[in-house]
Chemist: 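The structure that follows is given in the form of structure tokens.
Sequence lines set the chain letters: A, B, ... in the order given, protein chains first and strands last, and positions in each chain run from 1.
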Number of protein chains: 2
Amino acid sequence: MKPKRLALSDIARQLNISTTTISFIMNGKAEEKRISPELKEKVLKKIKELGYVPNQLAKSLRTGKTNIIGLIVEDISNSFFARVAHMIEEEVNKRGYKIIYCSSENSVEKMTEVINMFRESQVDGFIITPTEGAETEVNKLIKDRAHLILFDRYFPGLDTNYVVLDNSYGSYIGVKHLVERGYKKIGFVTIDSDQSQMIDRYNGYAKAIKEAGLKPYVKRISFFDEPNAAIRKMETFLNKKDKPDAVFFATNYLGIYGLEAITNLQLKIPDDIGVITFDDHDLFRLFRPSITVIAQPIAEMSKAMINILLDEIATPANALKTRHMVLRPSLVVRNSTKQPC
Amino acid sequence: MKPKRLALSDIARQLNISTTTISFIMNGKAEEKRISPELKEKVLKKIKELGYVPNQLAKSLRTGKTNIIGLIVEDISNSFFARVAHMIEEEVNKRGYKIIYCSSENSVEKMTEVINMFRESQVDGFIITPTEGAETEVNKLIKDRAHLILFDRYFPGLDTNYVVLDNSYGSYIGVKHLVERGYKKIGFVTIDSDQSQMIDRYNGYAKAIKEAGLKPYVKRISFFDEPNAAIRKMETFLNKKDKPDAVFFATNYLGIYGLEAITNLQLKIPDDIGVITFDDHDLFRLFRPSITVIAQPIAEMSKAMINILLDEIATPANALKTRHMVLRPSLVVRNSTKQPC
DNA sequence: TAAATTTGCTAAATCGATTTAGTATACTAT
DNA sequence: ATAGTATACTAAATCGATTTAGCAAATTTA
């Protein structure tokens, strides 16, 4: 926008009135501030005629409110986060806020950088899927009384708002389902991470395995592995001497790589190998045989987050007690496990 | 952030110097402005000690630069747009910008709203996948000399920057491939839209069909149809009396619905029906048989967009001539068509 | 030794809105 | 006639940075 932008003062000058009056009118305070209906009409007409667009920066600087929520997800191109982002955006727009977002790529440095960028931008609140090691940064936000909510994972040691899944329950019912369908050597493919959600998913697996009196088969992949490397590792895991007869993938992208590995090895689902994965995805629904998944209630989670966060922004007193929400995933049974005996 | 935020003036007061000095130091102009190294050190130390975070709003208000790019995509949860968004974000971050985004959901009203929101936010530039009927809004942006680039589709009547795919070429090579593989009744499933990319995709199809002396079979679905309704319509199309023996889906989501329809009808790919779809996707790679696609060069497109846009922002004189880029997609042959005779 | 230049820093205007604390006029009540 | 109140508006401070123009002291030059 090159030509010097139209400001409130320009309109004021043209109409020979004060900016105060126009500001009152634009903010719907015409009645309250006893602006005559005629002047109001005149001003509104002029504004429309000139195509005046208020400067949100000046507004925000003065009022201290930006109506922007900073969203930090692990990776916007991951279908799970993309869908959550979409729901969040929808909810937030309805309530007059906008979203500024960044992907953390699971790197603390990137995360620190992004948080600082967001603080400088004076966002009204933060929605964060924290990376490992981000406690310090998140703690700084708490100390500065920023409004924030963690999502997907949280820090047990920090008193923050959060909305997460009952991850342990999720893998528990998944593995239990595999047990019921007669699998005996149930593998667990996860990423090498101490993030709360991954620990919980492992715990659910371990619990179900223990209850069934089975032996655990666990394979950890690095989040930073290239897809091909990850697929190779899974092929090895699924093809070694004492190999599993079923496998539970702890995330959607592990599931996707896993299907590729299984296809490469020409293993038949569900007879050679039973499969369940965390998170739903078009692929899992349409793959043949279709893949049984642990589905997260994305809409519900997103709404809950926004409710908690926006309520806290609107009523800062409510920030005194943090709110926690743990939602249950559901088992969507498809055809990737043997039929019940 | 409840407790009154630390401002430059607070630091100035504490050190008993002027804000000017601190501003110079923070902006790396210490040498240029001949600030003594000792004072510089003292200031930097204080800033670190107090954890001062500059207020970007005030900065932007004064300088007229926000370093924010407004991104409007059709739907962030669509894998194509999510991947583009991810690439754009990466490119833009490297160069000191951030992204504020919204999905248009293919609605002009939403789009108008979002554009206005972005203008109020004083974004430095716009990246837009325009909806049908958004010419007026885009034109307003041009008149106000906003920096913008259209993407995925464009308005032939408007002189704007754009980066798009050679869509016509894409469907042409796709359909030609089906012809070469011996299909005679090649269907085209598209959305009911006059957006440039959809028209071009249709044109490529029509050209290839004509060259091959075949009869066209076209089915248009509404963008606003619910998934199930869309799938029903496709089932009808693929199952009517004079039904196609191959089908080209004009977008990734049509392809996804299409696979569902084909599966429901228990048609065998590639013998009962040959399949090609626009856009790559995990599903198309892993579906069995794997699906041949027309793949867009996402990384290249994203980089091109950012280059053009940021260059124009940096050197507004370059805005005098708009830049257009048309990239060629590639045919990724998989197993969803009959083997060559 | 005086003039010119350099050094090291600052006062104050500015960006564009909101908001507080008025003011001037007209009307009403006593 | 006078005080009180309602009406219809506005002046100026403010948010927190950047930036222009300039000042006083120290140093160099002629």
Side-chain angles (χ1 to χ4, degrees), chain A residues 1-44 47 50-67 117 119-124, chain B residues 1-43 47 50-67 116-117 119-124:
Chain A
M1 294 171 213
K2 261 340 19 198
K4 67 175 187 315
R5 294 182 25 88
L6 202 63
L8 214 49
S9 55
D10 298 316
I11 301 181
R13 205 170 311 114
Q14 289 196 33
L15 290 175
N16 209 28
I17 59 174
S18 83
T19 59
T20 310
T21 307
I22 307 182
S23 172
F24 286 154
I25 292 173
M26 293 217 68
N27 290 50
K29 296 187 185 166
E31 273 88 285
E32 180 192 340
K33 298 292 181 176
R34 297 179 305 245
I35 309 296
S36 66
E38 304 85 60
L39 184 53
K40 180 177 162 185
E41 276 321 301
K42 201 166 119 188
V43 167
L44 289 178
I47 281 170
L50 298 177
Y52 167 67
V53 176
N55 185 323
Q56 183 62 45
L57 294 173
K59 242 171 144 143
S60 295
L61 178 59
R62 180 62 234 248
T63 60
K65 275 220 76 191
T66 54
N67 285 301
M117 202 162 80
R119 310 180 93 194
E120 294 183 2
S121 301
Q122 314 295 121
V123 298
D124 289 340
Chain B
M1 293 172 213
K2 242 42 294 252
K4 68 173 181 321
R5 293 181 27 88
L6 203 61
L8 213 49
S9 55
D10 298 316
I11 301 181
R13 204 171 311 112
Q14 287 196 34
L15 290 174
N16 208 29
I17 60 175
S18 84
T19 59
T20 310
T21 307
I22 307 182
S23 172
F24 285 155
I25 293 173
M26 293 217 67
N27 289 48
K29 297 187 183 164
E31 273 89 284
E32 181 193 340
K33 297 292 180 179
R34 298 179 305 246
I35 309 297
S36 66
E38 304 85 59
L39 184 53
K40 181 179 162 183
E41 277 321 301
K42 203 166 117 187
V43 167
I47 281 170
L50 298 177
Y52 167 67
V53 175
N55 185 323
Q56 183 63 44
L57 294 174
K59 246 173 138 137
S60 296
L61 178 58
R62 180 61 232 244
T63 60
K65 275 219 77 191
T66 53
N67 285 301
N116 275 319
M117 201 163 79
R119 311 180 92 193
E120 293 182 3
S121 302
Q122 314 294 121
V123 298
D124 290 338

Chemist: Using a cut-off of strictly less than 4.0 Å, decide whether B:N55 has a side-chain nitrogen or oxygen near OP1 or OP2 of D:dC15.
Modeler: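 So the side-chain polar atoms of B:N55 never come under 4.0 Å of the phosphate oxygens OP1 or OP2 of D:dC15.
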Chemist: Quick one: is B:S23 getting a side-chain N or O under 4.0 Å of the D:dT18 phosphate, OP1 or OP2?
Modeler: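 Affirmative; the distance criterion is met.
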Chemist: Separation of B:R5 atom CZ from D:dA17 atom P, in whole Å?
Modeler: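 Those two atoms, CZ and P, are 7 Å apart.
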Chemist: Please report, rounded to the nearest Å, how far the C1' atom of C:dG16 is from the CD1 atom of A:I22.
Modeler: 12 Å
Chemist: For the side chain of B:T20, starting at C-beta, report the closest nucleotide among C:dA11, D:dC15, C:dA17.
Modeler: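 Looking only at heavy atoms from C-beta outward on B:T20, the closest nucleotide is C:dA11.
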Chemist: Both B:R34 and A:N16 contact DNA chain D. Taking the nearest nucleotide for each, which residue is further toward the 5' end?
Modeler: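 The residue closer to the strand's 5' end, by nearest nucleotide, is A:N16.
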Chemist: Tell me what A:L57 touches on the nucleic acid: a base, only sugar-phosphate, or nothing, going by heavy atoms under 4.0 Å.
Modeler: nothing
Chemist: For A:A7 and A:K33, take the nucleotide of DNA chain C holding the closest heavy atom to each; which residue's nucleotide lies nearer the 5' end?
Modeler: A:A7
Chemist: What about B:R62: does its side chain form a donor-acceptor pair under 3.5 Å with the base of D:dT18?
Modeler: yes
Chemist: Send over the distance from A:E32 CD to D:dA8 C1', rounded to a whole Å.
Modeler: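 Interatomic distance, CD of A:E32 to C1' of D:dA8: 14 Å.
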Chemist: Kindly indicate, with the supporting measurements, whether the criterion side chain to side chain contact (heavy atoms under 4.5 Å, CB included) is fulfilled by A:I17 and A:V43.
Modeler: CA-CA 10 Å; A:I17 59 174; A:V43 167; 3.7 Å; yes
Chemist: Check A:K40 against A:A30 and note the closest heavy-atom contact, atom names and distance.
Modeler: CD-CB, 3.7 Å
Chemist: Taking only the side-chain heavy atoms of B:Y52 (C-beta and beyond), determine which of D:dT18, C:dA17, D:dA17 contains the nearest atom.
Modeler: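 Nearest listed nucleotide: D:dA17.
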Chemist: A:T21 near the nucleic acid: base, sugar-phosphate alone, or nothing, with a heavy-atom cut-off under 4.0 Å?
Modeler: base
Chemist: With respect to the side chain of B:L61, which nucleotide from C:dG16, D:dC9, D:dT18 is positioned closest?
Modeler: C:dG16
Chemist: May I ask you to verify if any side-chain N or O of B:K29 is less than 4.0 angstrom from the OP1 or OP2 atom of D:dT19?
Modeler: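 Yes.
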Chemist: Measure from the side-chain heavy atoms of B:S18 and tell me the nearest of D:dT10, C:dT10, D:dG16.
Modeler: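 Closest of the options to the side chain of B:S18: C:dT10.
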